[in-house]
Amino acid sequence: MEEKIIQIAGSITVDELSQALGLSVTELIGTLFKNGIVATINQRLDFETAQIIIDELGLKDVKLEKKNTSTKTSDYHRELSDKAVLRPPVVAVMGHVDHGKTTLLDTLLKKKTVEKEAGGITQHISAYQLKHDDRLITFLDTPGHEAFAAIRQHGAMLTDIVIIVVAADDGVKPQTIEAINFAKSANAKIIVAINKIDREGADINRTMADLSQHGLQPEEWGGDITMVPISAKKDQNLDQLIDMVLLTADIEELKADIDIPAEGLVIESHMETGKGSVVNLLVTGGELKTGEFIVAGSTYGKVRTMLDWQGKPKGKATPSTPVTVTGFKELPNFGDRFIEVKDEKTARKHALLNAQAAANETADTNVTSTDLLRMMNVADNTKTFNVIIKGDVLGSVTSVVDSLRMIDTKGEITLNIVSTGVGDINENDVYLSAGEDTIIYGFNVNVPINISKMAARDNVPIRTYKVIYELLDDAKHEMENLLDAEIVEEDQGELKVLGVFRTEKTSIIAGGEVLKGDVKPGYLVRVVRNKKYLGEAEVASTQKEKIEVKELIAGETGGLALKTEHKIDLQIGDRLKFFTREAKKRTL
């Protein structure tokens, strides 16, 4: 039978799915109901939920595909006209944490940012421009910590060339591999900077060999990847590295149209007191000027102010130029494409259409796979971890949320993101948390004194961090506290009963020979007769030659007193199997 392919753009209604499957709406609603979902004909199902339902129906000849309607960076490519002009290359600097990405940029730009970053780790995408031999190069400094995978991938999608920084004394690490994969998926040209060659233990050949194992074959070994040994700290071979960037740009003939309405990408966005929304943009086409109306996702604005990467006023931005603008009505999402439109009316219309499209994709999805799976497993003992995430910029919030979702809770804990937002923690956050066992996590944000007092009054925990992995460690610890303890039993010894001296409802006094291990007060014991379990007790005391002792060991004969909850008819010849039982805290 020919396979039927159904494309879903974000979500699909119950009615639409039933028609696509050739089933009655009643049958589909019935299947949903069996799985704990009471659905109507117009309710929307997300892609994963639709897939689960198809699996439940046993439809082997049906395949779902995601219909791509996104306007994110990775999906948009403009065809250039014959009037396109050369533009500066956009270069992302990527690699493993502490391998020297930010130090490299600091040395190139003669500025210091490492000390400013909490923990010496880049927390956001930052854009800079360098002039070399009268030519501009735009650099993107992307975070190196594993928690910032979303931002780092976003950075790769923006770029023409990726400089992958690898420490010569440390070699290829997980985030190095991740950076290689991102660069390849973005179809960006790769240049490797083998850093820290001045350090003891630096081994350039070993590093090149490591890289070749991951698909980057050095030119020196017959491959096509340029690898430049450098010391970012000592400014060694950096001119050679930049020359290779410009040579690669020349070979690629990077161009952009300027006789078109301005367009580009949102790199970052946050709120500032007195300024409102502050948005970092990278212009990819046209010329952006102050006073123009632009649309990004479901928001729009008039460019009120525009600054270059050094914070200096800029009246016009050409392709490959990073700028910071104010004037957006609301914060756009990082990765959104922005376009220039002729007036406010047009801007408002475009933003509304984008909002409706986004709503059709995700926001109006009434039933998600998480909901469905939760309903399908109502009998389990999953617990819910409620959090509110506030961050200084949208990119940080996204990374925190994505990283929390990646914590493997083995299906025992459901992460419930109550709310997210950009800016300081406020009254609304505390209101949302009160009485719901919700923790408010703040990343690079402040807690006003009045809000702190309000939270203390309402017993709402607020925890702020400047380094993301510290926040994640705290969240992981809180999740571990929700896990049921693991009961661990350990065998300790065995005794053969040779005499029973007294048997009462809650106690037994007996004697016997310890066959193996040892017997101590506090041990638990299972009473077994011919492999049949008779009951459980606890050792109250042990005696040897009528003298109380701390233990009996293998080969010894002695007496013992047992505490029982129910009467056990102990007989000569029964076996007592001793063990300990401990509740151990589990980890993720």
Side-chain angles (χ1 to χ4, degrees), residues 73 80 84-95 99-114 122 124-144 152 154-166 179 182-183 186-195 225-232 235-258 264-265 267-268 280-288 307-312 314 316-324:
T73 65
L80 297 175
V85 299
L86 290 172
R87 61 171 177 81
V90 178
V91 181
V93 184
M94 309 177 80
H99 276 203
K101 303 179 307 298
T102 305
T103 304
L104 170 59
L105 278 166
D106 290 341
T107 306
L108 289 172
L109 301 164
K110 303 297 187 287
K111 58 194 288 293
K112 285 288 180 185
T113 59
V114 176
T122 306
H124 313 115
I125 283 185
S126 299
Y128 314 100
Q129 276 198 318
L130 166 71
K131 186 171 258 189
H132 182 80
D133 292 341
D134 287 328
R135 294 177 63 180
L136 286 172
I137 302 172
T138 297
F139 282 99
L140 300 178
D141 182 14
T142 65
R152 194 157 58 253
H154 167 71
M157 293 303 179
L158 295 171
T159 51
D160 308 306
I161 299 169
V162 173
I163 293 178
I164 296 178
V165 181
V166 188
F182 286 162
N187 292 318
K189 292 297 174 182
I190 296 173
I191 296 173
V192 176
I194 300 178
N195 193 25
I225 301 296
T226 300
M227 298 190 182
V228 184
I230 67 166
S231 170
D235 198 356
Q236 187 177 346
N237 293 343
L238 297 198
D239 281 346
Q240 183 185 342
L241 178 65
I242 297 305
D243 286 340
M244 293 310 304
V245 168
L246 291 174
L247 177 60
T248 304
D250 289 341
I251 293 170
E252 292 298 303
E253 288 191 83
L254 303 169
K255 292 184 176 182
D257 281 305
I258 56 173
L265 304 160
I267 298 176
E268 199 46 272
N280 296 340
L281 305 174
L282 179 68
V283 179
T284 60
E287 294 181 332
L288 182 65
L307 306 175
D308 68 9
W309 69 274
Q310 293 175 305
K312 298 174 183 176
K314 196 172 184 69
K316 179 176 73 173
T318 52
S320 298
T321 303
V323 289
T324 302

Quiz item: Given the rule in the side chain to side chain contact (heavy atoms under 4.5 Å, CB included) test, do Asp133 and Asp243 qualify, once you have shown the distances and angles that lead to the verdict?
Solution: CA-CA 9 Å; Asp133 292 341; Asp243 286 340; 4.1 Å; yes

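- When the side-chain contact (heavy atoms from CB on, under 4.5 Å) test is applied to Asp250, the partners found at least two apart in sequence or on another chain are Arg135.
- Counting only heavy atoms from C-beta outward, the side chains of Asp235 and Leu238 approach each other to under 4.5 Å.
- The shortest distance between side-chain heavy atoms of Val166 and Asn195 does not fall below 4.5 Å.
- Listed for the Thr321 side chain is no donor-acceptor partner under 3.5 Å among the backbone atoms of Ala317.
- The shortest non-hydrogen separation linking Ile191 to Thr248 is CD1-OG1, 3.6 Å.
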Practice problem: Please report the C-alpha distance between Leu140 and Val93 in whole Å, then the side-chain angles of each, then the deciding distance to 0.1 Å, and finally whether the side chain to side chain contact (heavy atoms under 4.5 Å, CB included) criterion is met. | Solution: CA-CA 6 Å; Leu140 300 178; Val93 184; over 6 Å; no

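- Note that CG of Leu307 is 11.5 Å distant from NZ of Lys312, once rounded to the nearest 0.5 Å.
- Here Thr226 contributes atom OG1 and Gln240 contributes atom CD; the two are 9.5 Å apart, rounded to the nearest 0.5 Å.
- In this view, Leu136 and Pro88, Gln129, Lys131 satisfy the side-chain contact (heavy atoms from CB on, under 4.5 Å) rule, not counting sequence neighbours.
- Counting non-hydrogen atoms of neighbouring residues, nucleotides and ligands closer than 6.0 angstrom, the CD atom of Glu253 reaches no more than 12 such neighbours.
- Contact check for Val245 versus Ile163: side-chain heavy atoms found under the 4.5 Å cut-off.
- Note: Leu247 CG to Ile242 CD1 = 12.5 Å, rounded to the nearest 0.5 Å.
- Using a 4.5 Å heavy-atom threshold, the side chains of Val165 and Leu104 count as touching.
- Ile230 approaches Ala193 most closely through the heavy-atom pair CD1-CB, 3.8 Å.
- Between the CD atom in Glu252 and the CD1 atom in Ile161 there is a gap of 7.5 Å [rounded to 0.5 Å].
- Considering Val91, Val90, Leu108 in turn, Val91 is the only one that fulfils the side chain to side chain contact (heavy atoms under 4.5 Å, CB included) rule with Ile137.
- Between the CD1 atom in Ile225 and the NZ atom in Lys189 there is a gap of 8.0 Å [rounded to 0.5 Å].
- In this structure, Ile258 and Pro319 have side chains that are in contact, with non-hydrogen atoms separated by less than 4.5 Å.
- A donor and an acceptor atom, one from each side chain of Thr324 and Asn280, are located under 3.5 Å apart.
- Classification of Arg87 and Asp160 as a salt-bridged pair holds, one side-chain N sitting under 4.0 Å from a carboxylate O.
- Side-chain contact check for Leu130 versus Leu109: some heavy-atom pair is nearer than 4.5 Å.
- Thr284 contributes atom OG1, which lies 7.0 Å from atom CG of Leu282 (distance to the nearest 0.5 angstrom).
- The nearest pair of heavy atoms linking Ala179 to Met94 is CB-CB, 3.8 Å.
- Partners of Asp239 according to the side-chain contact (heavy atoms from CB on, under 4.5 Å) rule, which considers only residues two or more places apart in sequence or in another chain, are His132.
- Two residues are said to be in side-chain contact when any heavy atoms from C-beta on lie closer than 4.5 Å; Ile164 and Val162 meet this criterion.
- Residues Thr138 and Pro322 meet the side-chain proximity criterion, which asks for heavy atoms closer than 4.5 Å.
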